[in-house]
Amino acid sequence: MAVPSWLERLRAAGKTALVQDGKRKIHYLFEDGKEMAEEYDIKTGQLISRKWQEKNTLGGTGKWQVEVGEPTSPLLGALESELITESSSNPIFMRKDTLSSFQWRIRNLPYPKEVYSVSVEEEQRCCVIRTTNKKYYKKFSIPDLDRYHLPLDAAALSFTHANNTLIITYQKPKEILAAEEQLQKELKKIKAANSGDGDCKTQ
């Protein structure tokens, strides 16, 4: 039996929608128990955040894992996490997409642009950031390409550096752009509950 495509899995998932603060929030419940929560800007259709939650080994709910959007602040967690918070000068890696590309930002990287190199490791299906001064090294995957079974393309990858932030851009392949367009049409058909606090007037 053929494995259902990612778009088919999204269609088959249980979905609820909420419109609040100028955002359309979609919650997906998959047949395997995994949950995904996405937030889109209502005006632009831009993905703002995507988080995942899986059942842990005891069947309870685990922590939400951020795939796209601001990383969860440790200050929001339990009290003891405040005692071991990361230094505010450490590099902060986060993904923040645009409509046409996947984009990652690494804050607190003060080195000039010529220090960095960003490459694609096709066999390992990941991108690698290296620095000539050996101060920073990072491997990261693009889950969207894995979900759609698409190859990584070195030509789609570029980067720039400004304000102590390394910005890496990967142009979305046409297959993903087409699938996202289809999904947006379907998400708009879901009857959204409004938050009732007057924010829904942005529609």
Side-chain angles (χ1 to χ4, degrees), residues 6-7 9-10 21-28 30 34-54 62-77 86 88-111 113 116-122 124-131 136-181 183-184 187:
W6 175 240
L7 199 54
R9 281 197 66 199
L10 289 176
D21 303 329
K23 299 173 189 168
R24 180 185 298 275
K25 303 179 180 187
I26 313 286
H27 179 269
Y28 301 82
F30 295 98
K34 286 184 186 173
E35 295 177 59
M36 181 174 80
E38 293 183 327
E39 290 185 3
Y40 292 90
D41 183 296
I42 286 178
K43 289 179 180 170
T44 63
Q46 173 69 53
L47 177 67
I48 299 166
S49 76
R50 178 184 292 139
K51 294 186 284 191
W52 286 89
Q53 188 179 54
E54 295 185 41
K63 285 183 180 174
W64 284 94
Q65 302 293 324
V66 177
E67 183 181 309
V68 179
E70 289 281 346
T72 308
S73 167
L75 298 177
L76 299 175
E86 290 183 33
S88 59
S89 62
N90 281 354
I92 298 168
F93 181 88
M94 64 170 287
R95 180 170 147 188
K96 191 172 174 134
D97 291 356
T98 70
L99 288 172
S100 61
S101 63
F102 305 121
Q103 200 170 82
W104 298 264
R105 292 165 186 259
I106 304 119
R107 298 188 197 127
N108 299 334
L109 285 181
Y111 323 110
K113 184 182 177 183
Y116 307 97
S117 74
V118 183
S119 58
V120 161
E121 302 278 345
E122 288 184 27
Q124 295 182 39
R125 292 194 59 78
C126 66
C127 303
V128 181
I129 305 163
R130 295 180 175 88
T131 55
Y136 188 78
Y137 176 86
K138 176 85 177 172
K139 268 185 179 183
F140 62 96
S141 62
I142 308 178
D144 307 71
L145 295 183
D146 294 339
R147 288 192 280 262
Y148 284 100
H149 306 290
L150 294 169
L152 274 80
D153 178 9
L157 194 64
S158 62
F159 72 93
T160 185
H161 185 270
N163 303 320
N164 287 347
T165 301
L166 185 68
I167 301 168
I168 299 161
T169 302
Y170 188 100
Q171 294 300 322
K172 293 178 182 175
K174 61 183 186 302
E175 294 90 342
I176 285 184
L177 289 171
E180 286 180 350
E181 191 180 335
L183 182 63
Q184 280 303 311
L187 293 181

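Aromatic ring pairs are classed by plane angle as parallel below 30°, tilted from 30° to 60° and perpendicular above 60°; the pair F159 and Y116 is perpendicular.
Looking only at distances, a side-chain donor or acceptor of H161 sits under 3.5 Å from a matching main-chain atom of L109. The backbone N or O of K43 sits less than 3.5 Å from a side-chain atom of D41, completing a donor-acceptor pair.
You'll find the side chain of N108 stays beyond 4.5 Å of the side chain of N90, heavy atoms only. Within the 4.5 Å cutoff, side-chain heavy atoms of L183 are placed close to those of L187.
Every side-chain hydrogen bond (donor to acceptor under 3.5 Å, both in side chains) that T131 has, sequence neighbours left out, goes to N133. Partners of K139 under the side-chain hydrogen bond (donor to acceptor under 3.5 Å, both in side chains) rule, at least two apart in sequence or in another chain, are Q124.
F93 carries K138 over the face of its six-membered ring, with the cationic atom under 6.0 Å from the centre and within 45° of the normal. By the 6.0 Å and 45° rule, R9 stacks over the aromatic ring of F30.
If you check the side chains of Q103 and Y170, you find no donor sitting under 3.5 Å from an acceptor. One side chain, W52 or E67, offers a donor N or O that lies under 3.5 Å from an acceptor on the other.
Within a 6.0 Å radius of CD in E121, other residues, nucleotides and ligands contribute more than 12 heavy atoms. More than 12 heavy atoms of other residues, nucleotides or ligands shown are found within 6.0 angstrom of CD on Q184.
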- Message: The test is salt bridge (charged side-chain N to carboxylate O under 4.0 Å, His left out); show your working for E70 and R107 and say whether it passes.
- Response: CA-CA 12 Å; E70 289 281 346; R107 298 188 197 127; 3.0 Å; yes

- Query: Yes or no on salt bridge (charged side-chain N to carboxylate O under 4.0 Å, His left out) for K172 and E180, after CA distance, side-chain angles and deciding distance?
  - Reply: CA-CA 10 Å; K172 293 178 182 175; E180 286 180 350; 3.0 Å; yes

